[in-house]
Amino acid sequence: MTLDHVFVSFEGELANVANEPALVQLKARYLGREGVVTRLRKDIDFNALSPEEKRSFGQNFNDLKTRVEQAIEAAAARFAESVVETVDFDRTLPGTDRRLGAIHPIISTQIEVEDLLRSMGFQVYAGDEAVSEFENFDALNIPGDHPARDMQDTFWLENGMVLRTHTSSMQNRAMRALGVPVRAIFPGRCFRNEATDITHENTFYQLEGLMVDKDVSVANLIGVMRELLSGVFRRDIEVRLRPGFFPFVEPGFELDFKTTLNGVERWIELMPCGMIHPAVLRNAGVDPDVYSGFAFGLGLTRLAMLKYGVSDVRLFNKGDLRFYEQFRATL
Ligand code: PHE
């Protein structure tokens, strides 16, 4: 068979190839080790050829091989294209569920609040969940016989430490460790010996903040709180203060923010706060005649309930995946 004949017969076979496997077979039959094209060169007796004939054979052989290879490549490309076009694939189906999990709604709220306060110059100072009785109570102006201890009954450890009832327990340690002036926040888990219902849990999250400097006033407190809440709710938030009693602040306040619920304007109680009591400053080695400061105790659990419209606080700790999976979008 001459080289030209080989190509004609190849073209004839290629025209009948209907799919990729058949093309692979055809390729092997022509270009494989024992293929028709390969054999052409193996079988020829080069000694019988003049130098001229050798050169011309070589050229024609290479031409043929290239044409066969190119024709096969072109056919392969056509098959590849048509596969994409005809495959039975519904592009509107949801993607494969990789089950990456989600950030717990309280933690995502915490991260957001931390970011906002960091942008106002506060540093995050993490604390311990088990603290001394002094840090949780006495340093905060709550001596052993104070009635406030009844409201914050907690779990006592055998070594005399307590599971902290509030993040205020970090105030003393932070002022000592960081010195003044200081702007710091302490987020974390708190515990109370409490009967649970839709608004009470024995385990919950707070985020405490304090700012101590010369000439800090209630105006600074209001400014920081407005900025923070406007960031969390992504609109301008109005706040108001009402008197509130806590032994470690003087004056003490309950901070409310204004919201519209079903077309009706309402004030929602959100966070206790106040000017740090002189005795609390003194307990941390800070001179109250030189320095003043404010502190606030943001209920992260409560804020997450407001933000996401969760009506039962117990859902956060229950471990029910149907609840957590609704927050997957917050990843
Ligand atoms: N620690 C208080 C509580 O848990 C809240 C609070 C913090 C009040 C800071 C005033 C200032 O109830």
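Positions are given from 1, in the same order as the sequence printed here. Atoms within each ligand, like the ligands themselves, are counted from 1 in listed order.
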What class does the angle between the rings of F137 and H166 fall in, given that below 30° is parallel, 30 to 60° is tilted and above 60° is perpendicular?
-> tilted

Electrostatic pair D153-R192, nearest N-O below 4.0 angstrom = no

Would you indicate whether R41, at its atom CZ, is surrounded by more than 12 heavy atoms from other residues, nucleotides or ligands within a distance under 6.0 Å?
-> no

Salt-bridge contact R302-E269 (side-chain N to carboxylate O under 4.0 Å) = no

Which parts of the protein, at residue level, reach under 4.0 Å of ligand 1 through a heavy atom?
-> Q152, H166, S168, R192, Q206, E208, F246, F248, V249, P272, C273, A295, F296, G297

In terms of side-chain geometry, is the basic nitrogen of K258 or D236 positioned less than 4.0 Å from the acidic oxygen of its partner?
-> no

Under the salt bridge (charged side-chain N to carboxylate O under 4.0 Å, His left out) rule, what pairs show up with a residue in residues 23-38, not counting sequence neighbours?
-> E13-R29, E34-R39, E34-K42

